[in-house]
2 protein chains.
Amino acid sequence: MATLSDVARRAMVSKMTVSRVINHPEQVSPELRQLVYNSMKALNYVPNYVAQALVHHRTQVIKLLILEEMDTTEPYYMNLLAGIAVELDQRHYSLQLVTRSSHTICRCDGLIVTGMREDDYESIISRLEQPVILFGENMKGYDYVDVDNKKGMKITTEHVMAQGCSNILFYGIDIEEPFMLSRIAGYEETMKGKKLLPQINLMKNSSHIAQFEAEKVLKKISERVAFVCASDRLGIGVVHAAQRLGMAIPDQVMITGFDGVFLDRIAQPKLTTVRQPIVEMGKTCAKLLLDKIDQDGRSQGICVYKPELVIRNTTVH
Amino acid sequence: MATLSDVARRAMVSKMTVSRVINHPEQVSPELRQLVYNSMKALNYVPNYVAQALVHHRTQVIKLLILEEMDTTEPYYMNLLAGIAVELDQRHYSLQLVTRSSHTICRCDGLIVTGMREDDYESIISRLEQPVILFGENMKGYDYVDVDNKKGMKITTEHVMAQGCSNILFYGIDIEEPFMLSRIAGYEETMKGKKLLPQINLMKNSSHIAQFEAEKVLKKISERVAFVCASDRLGIGVVHAAQRLGMAIPDQVMITGFDGVFLDRIAQPKLTTVRQPIVEMGKTCAKLLLDKIDQDGRSQGICVYKPELVIRNTTVH
DNA sequence: TTGTAAGCGTTATCAG
DNA sequence: CTGATAACGCTTACAA
């Protein structure tokens, strides 16, 4: 594999000239510049990123710290990772995947953190020395990327209302984290705006729990009802409940999910859901983080994505 | 961050002595060794892996090349990745996730490849210059890690037989790849061994296709039937079909899947499936690859995991 | 057993 | 605008 010296020798210039052509081409005369370009092409030169990293006191490694139990959200993260990977590759960074138990010594240039809970801000996140971007909204002032959770829940609630249903239940996850509070607020405000009574039900993010809860409700209900769920997993559970009781979807029971990343397509009938552009969001996390690193840790602000309602057969024919 | 020189200065020895304590402790006298250890501890010394990489002409990066469209198998890969990550972290490697479109120039120490199809061996895999471990069985002589696909299908087929069913259909994926051929063979041989007629049906790996196919079959069948499927996704489709037609699981229809990594738990009733220890297999891929790198590319052979039958409510009460 | 010197491939700095 | 030199943190080869 050709090095800078090889390129220099072939172009009959010094290593520095080659280095400049790569990093500050405007500082080199057009003639030499062209000579160097030719030489690089001829030798198929690719910089040694390890050597660059050494001089720059960098590692070219960023870590993805997943603080959540991974099997709770599995399919979700693969997309996030795919997005992150695209951006990192382009900029010659690589990735380390770490969890709560393995984030001790931190040889990396920056971190993307996700799945954090209230306690983690003080005990983990505030102690990190490298630039950080959080994946997931937070109210502690950290840079983050997320979807507009409140709006997402607002548009689903309005959607089922528009189908002529006013008995609308909310199924959410029983954790007091910003993303969930926002989803609850989106539902609650929309209901109150229409003078309807919010009915909020929080539970573990499990399709079986949701099914169990929904069956109890459905057994003693006669009128048309809608379940707006804060995750596709919960949504699928409610679908199962309605099916077990032989109730018609969407005529008797309407169901919506949230995430739109995988499970929504497995459900039968396919789930109406709020799609989050996770891959895109992953790319943005990485982009913001790398920019932050380049800018010596300067805050990059927040990036909130517009949620997209994907209407399918659990709410319309 | 403390460097080798800092440690050396504090211990009043040369850099080399410190380097030796780290790499060849037996070459250093016990007294100096202890001094150095103390100094390292006091300064909280962690080697700079970038500098090590530079001298060793390495990158400390391995690539995971996923040749398959990722959303077809999504949940699966997150587990593989989790396993790989654990092992890489321990050995100070980091990861780049690449796909068919982005595996051009290859600054890495080795690759784990998965999702390959027949054509890929010649056009991609054989051209890689670095050590490679494949995730997925192959007959081209490359080192690989996989589960015993044939045996996995054999034990499921035997399991449904043991439930007293002899009308057993196989639903597989319509690709001629070794893992699928092995699963087919496992089913076929077991059927023939019992003098039963194999009924093999291949299709796209989609729950909706499987549902569509299964509904056709179930509509014109009266006796008890079992569907042994080559993926959980297909299995879930068949579950939906049986449910739509109001048929009793497992009394009239038995269903099994294959993978046991995520979807099996979402299904209702929960799917009997062949669990693959994917996380463990991911670890092994990484371990074999890193050993191979250390041994200058020497073949590490193959590693075949024993499949585990997880019996749940789609085959028994 | 320990230390010195050179080098890995790059860039920053300063001199010409 | 260009080049020589030193430095990044470590290891190998050789010398003491």
Side-chain angles (χ1 to χ4, degrees), chain A residues 1-40 43-61 91-93 105-109 293-294 296, chain B residues 1-40 43-61 91-93 105-109 293-294 296:
Chain A
M1 186 129 263
T3 71
L4 205 69
S5 301
D6 299 328
V7 176
R9 197 171 315 124
R10 192 174 207 282
M12 301 204 291
V13 297
S14 74
K15 292 194 306 183
M16 266 321 293
T17 303
V18 180
S19 178
R20 280 199 192 92
V21 169
I22 294 166
N23 299 296
H24 317 280
E26 74 285 354
Q27 294 178 12
V28 179
S29 69
E31 301 79 45
L32 280 192
R33 207 188 304 159
Q34 195 52 53
L35 264 172
V36 170
Y37 280 136
N38 294 152
S39 174
M40 293 202 302
L43 294 171
N44 224 313
Y45 174 72
V46 180
N48 181 327
Y49 305 117
V50 173
Q52 291 183 327
L54 183 62
V55 249
H56 289 137
H57 301 279
R58 292 217 299 237
T59 60
Q60 297 300 113
V61 171
R91 295 171 64 171
H92 314 301
Y93 271 79
I105 20 144
C106 234
R107 278 265 189 221
C108 68
D109 296 341
I293 292 168
D294 286 345
D296 209 38
Chain B
M1 187 130 261
T3 71
L4 205 69
S5 302
D6 299 328
V7 176
R9 199 170 314 124
R10 192 173 206 282
M12 301 204 289
V13 297
S14 74
K15 292 195 308 183
M16 266 320 295
T17 304
V18 180
S19 178
R20 281 200 192 91
V21 168
I22 294 166
N23 300 297
H24 316 280
E26 74 285 356
Q27 295 177 11
V28 179
S29 69
E31 301 78 44
L32 280 193
R33 206 188 304 159
Q34 195 51 54
L35 265 172
V36 170
Y37 280 136
N38 294 151
S39 175
M40 293 203 302
L43 294 171
N44 224 313
Y45 174 72
V46 181
N48 182 328
Y49 306 116
V50 173
Q52 291 182 328
L54 183 61
V55 241
H56 289 137
H57 301 280
R58 292 216 300 236
T59 61
Q60 297 301 111
V61 171
R91 295 171 64 171
H92 313 301
Y93 271 80
I105 21 145
C106 233
R107 278 261 190 225
C108 68
D109 296 340
I293 291 169
D294 286 346
D296 209 39

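What you see is a predicted model; the values in this text were computed from it and never measured. Order of the sequence lines sets the chain letters (A, B, ...), proteins ahead of strands, with each chain counted from 1.
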Report task. May I ask you to verify if any side-chain N or O of B:Tyr45 is less than 4.0 angstrom from the OP1 or OP2 atom of D:dC10? Result -> yes
Query raised in the report: Roughly, in whole Å, what's the span from CD in B:Gln34 to P in C:dT2?
Result: 13 Å
Query raised in the report: Which is true for A:Val50 with a 4.0 Å heavy-atom rule: it touches a base, it touches only sugar-phosphate, or it touches nothing?
Result: nothing
Query raised in the report: Roughly how far, to the nearest 0.5 Å, is CZ of B:Arg91 from CD1 of B:Ile293?
Result: 8.5 Å
Kindly give the atom pairs (protein nitrogen or oxygen, nucleotide nitrogen or oxygen) under 3.5 Å for nucleotides 3-7 of chain C.
residue : atom : partner : partner atom : Å
C:dG3   : OP2  : B:Ser14 : N            : 3.2
C:dG3   : OP2  : B:Ser14 : OG           : 3.2
C:dG3   : OP2  : B:Thr17 : OG1          : 2.3
C:dG3   : N7   : B:Arg20 : NH1          : 3.3
C:dG3   : N7   : B:Arg20 : NH2          : 3.4
C:dG3   : O6   : B:Arg20 : NH2          : 2.3

**Report entry** Most 5' of A:Thr3 and B:Ser29 on DNA chain C, judged by nearest nucleotide
**Finding:** B:Ser29
Query raised in the report: Is any side-chain nitrogen or oxygen of B:Ser19 closer than 4.0 Å to OP1 or OP2 of D:dT11?
Result: yes
Query raised in the report: How long is the line joining CG of A:Leu54 and C1' of D:dA6, in whole Å?
Result: 13 Å
Report task. Without swapping roles, check the side chain of B:Asn23 against the backbone of B:Ser19 for a donor-acceptor pair under 3.5 Å. Result -> yes
Report task. Let me know, please, whether B:His57 or B:Arg33 comes out on the 5' side of the other along DNA chain C by nearest nucleotide. Result -> B:Arg33
Report summary line: Residues B:Tyr45 and B:Ala2: closest non-hydrogen pair is CD1-O, 3.4 Å
Query raised in the report: What are the two closest non-hydrogen atoms of A:Val7 and A:Met40, and how far apart are they?
Result: CG1-CG, 3.6 Å
Query raised in the report: Counting just side-chain N and O atoms, does A:Gln52 come under 4.0 Å of either OP1 or OP2 of C:dT11?
Result: yes
**Report entry** From B:Leu4 atom CG to B:Leu43 atom CG, the distance as rounded to the nearest 0.5 Å
**Finding:** 11.0 Å
Query - Under-4.0 Å side-chain N/O to phosphate OP1/OP2 contact, B:His24 with C:dT1 - result: no
Query raised in the report: In whole Å, what is the span from the CD1 atom of A:Ile22 to the P atom of C:dA12?
Result: 12 Å
Query - Length of the line joining A:His56:NE2 and D:dG9:P, which is rounded to integer Å - result: 13 Å
Query raised in the report: For B:Lys15 and B:Ser5, which heavy atoms make the closest approach, and how far apart are they?
Result: CD-OG, 3.2 Å
Report task. Starting at CE of B:Met1, measure out to CG of B:Asn44 and round the result to the nearest 0.5 Å. Result -> 7.0 Å
Report task. Using only side-chain N and O atoms of B:Asn23, determine if any of them is under 4.0 Å from OP1 or OP2 of D:dT11. Result -> yes
Report task. Kindly point out which of C:dT10, D:dG9, D:dC10 is positioned nearest to the side chain of B:Pro47? Result -> D:dC10
Requested in this report: For A:Arg107 and D:dC10, give me the distance from atom CZ to atom C1', rounded to whole Å.
Outcome: 11 Å
Report summary line: When rounded to whole Å, the CG to P distance for the pair A:Leu4 and C:dC8 reads 13 Å
Query - Distance in angstrom units between A:Arg58 CZ and C:dG9 C1', rounded - result: 16 Å
Report summary line: Rounded to whole Å, the CG-P distance (A:Asn48 to C:dT10) equals 5 Å
